[in-house]
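The structure under discussion appears below in the form of structure tokens.
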Amino acid sequence: MTFQSTVPNVFFGGDSAFGPKNIITAVAHGHEAAVSIAQLLAGENPRNRPPPTTNLMSQKMGIHEWSYDNDTSLDVRYKVPWAKAEMALASIRVEVELGFDAATAFKEAQRCLNCDVETVFNQSTCIECDACVDICPTDCITFTGNGEEPDLRTRLKAPALNLAQALYVSGELKTGRVMVKDEDVCLHCGLCAERCPTGAWDMQKYLFNTAMAESAKRPGRARAVQGVPA
Ligand code: SF4
Ligand code: SF4
């Protein structure tokens, strides 16, 4: 869907267009509308959609440049405060959800699992010191001899039980071993990258950017979308 209204330069979605649904649906509508607006501004038909999952933009984060705190939070979800029932029921104009104050919003944000930040392994700089194995809180990194995946699964530091999730296996290292990582239990905490003395582990952030998938075919426009003069 383009989320374009009958007035071509007006787009709308979420609750205002389709009635109450959850915030994720509204955000998805906003994202799709943004794709449509990018198409319109480029003089193209908003109905021409970029293929989904075709473009990921990598943002290298580097050692000690995390954009997040890697201390794992055990806090449960914070409740959004509501207006008192007698006030909310007295008038339809009263906002029921009051939103977080700044301090609570910060604590809620700290619960983020950082699933958009991935561990990336560079085998050429790994000196096989095993420091990352030692520090990983979920034991998801193993250095071992190579083999077929079913065989590798029997030799990991912690059992990799989700067969639907492929193992992350490096090329052969200097001692003949390989690095094997079970992505299924990685917390994205970044401790492996922080501990690694050679920077062989890095945390890289990925932005899913459907609007740029189509733009990638037109170099001039891709630069404009990124905020770089075309
Ligand atoms: S990011 Fe954390 S959980 Fe994932 S491999 Fe590194 S140390 Fe282990
Ligand atoms: S800490 Fe770094 S150098 Fe040491 S084994 Fe892990 S990836 Fe290799």
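For reference, positions follow the sequence shown, starting with 1. As the structure lists them, so they are numbered: ligands from 1, and atoms in each ligand from 1. Hydrogens, waters and symmetry mates are skipped; everything else that's a heavy atom, side chains included, is used. Given the structure is predicted, the values throughout are model-derived calculations rather than measurements.
The distance from ligand 1 to the heavy atoms of Thr138 drops below 4.0 Å at these ligand atoms: 3 (S). Each of the following atoms of ligand 2 lies closer than 4.0 Å to a heavy atom of Phe143: 5 (S). Near Phe121, meaning under 4.0 Å from one of its heavy atoms, ligand 2 places the atoms 7 (S). For ligand 1, the atoms lying closer than 4.0 Å to a non-hydrogen atom of Ile141 are 5 (S). For ligand 1, the atoms lying closer than 4.0 Å to a non-hydrogen atom of Lys181 are 5 (S).
Here the side chains of Asp134 and Arg195 are in contact, with some heavy-atom distance below 4.5 Å.
Of the protein's non-hydrogen atoms, Trp201 CD1, 3.4 Å is the one closest to atom 7 (S) of ligand 2. Protein heavy atom closest to atom 2 (Fe) of ligand 2, with residue, atom name and distance, is Cys196 SG, 2.3 Å. The single protein non-hydrogen atom nearest to atom 8 (Fe) of ligand 2 is Cys126 SG, 2.4 Å, given as residue, atom name and distance. When hydrogens are left out, the protein atom nearest atom 4 (Fe) of ligand 1 is Cys186 SG, 2.4 Å; that is the closest non-hydrogen contact. Nearest protein neighbour of atom 5 (S) of ligand 2, counting heavy atoms only, is Asp130 N, 3.2 Å. For atom 3 (S) of ligand 2, the closest non-hydrogen atom of the protein is Ile127 N, 3.4 Å. Protein heavy atom at the shortest distance from atom 6 (Fe) of ligand 1 is Cys192 SG, 2.3 Å.
The residue among Pro137, Gly190, Cys136, Cys140 with a heavy atom at the shortest distance from atom 1 (S) of ligand 1 is Gly190.
A donor-acceptor pair under 3.5 Å is absent between the side-chain atoms of Thr138 and the main chain of Cys186, judged by distance alone. Of the possible donor and acceptor atoms, one in the side chain of Glu128 sits under 3.5 Å from a partner among the backbone N and O of Thr175. With hydrogens and angles disregarded, a donor-acceptor distance shorter than 3.5 Å links the side chain of Arg153 to the backbone of Ala160. A distance-only check finds a donor-acceptor pair linking the side chain of Ser16 to the backbone of Gly13 [under 3.5 Å]. With Thr119 contributing its side chain and Met203 its backbone, the two residues share no donor-acceptor pair below 3.5 Å.
With a 4.0 Å heavy-atom cut-off, ligand 2 is reached by the side chain of Thr198 but not by its N, CA, C or O. With a 4.0 Å heavy-atom cut-off, ligand 2 is reached by the backbone of Glu128 but not by any atom from C-beta on. With a heavy-atom cut-off of 4.0 Å, Thr119 touches ligand 1 through its side chain alone. Neither the backbone nor the side chain of Ala193 has a heavy atom within less than 4.0 Å of ligand 1. The part of Ala200 lying near ligand 2 is the side chain, judged by heavy-atom distances below 4.0 Å. Counting heavy atoms under 4.0 Å from ligand 1, residue Val185 does not touch it at all. Residue-level proximity to ligand 1 for His188 is carried by the backbone, the only part with a heavy atom below 4.0 angstrom.
Side-chain contact check for Arg155 and Thr144: at least one donor-acceptor pair (N or O, by modelled atom type) lies under 3.5 Å. Gln123 and Ser170 share no side-chain donor-acceptor pair at under 3.5 Å. A donor-acceptor contact closer than 3.5 angstrom is absent between the side chains of Ser36 and Arg47.
Residue-ligand proximity: Arg195 is placed with every non-hydrogen atom at 4.0 Å or more from ligand 1.
Look at Cys132 and atom 6 (Fe) of ligand 2: an N/O/S atom of the residue is under 2.8 Å from the metal.
Annotation: His29 is not in aromatic contact with Phe12 [ring centroid separation under 6.0 Å not met].
Residues Asp182 and Leu167 approach most closely at CA-CD2, 4.2 Å, considering heavy atoms. Considering all non-hydrogen atoms of both residues, Cys192 and Ile141 come closest at CB-CD1, 3.9 Å. Contact detail for Ser5 and Val7: the closest heavy-atom pair is OG-O, 2.9 Å.
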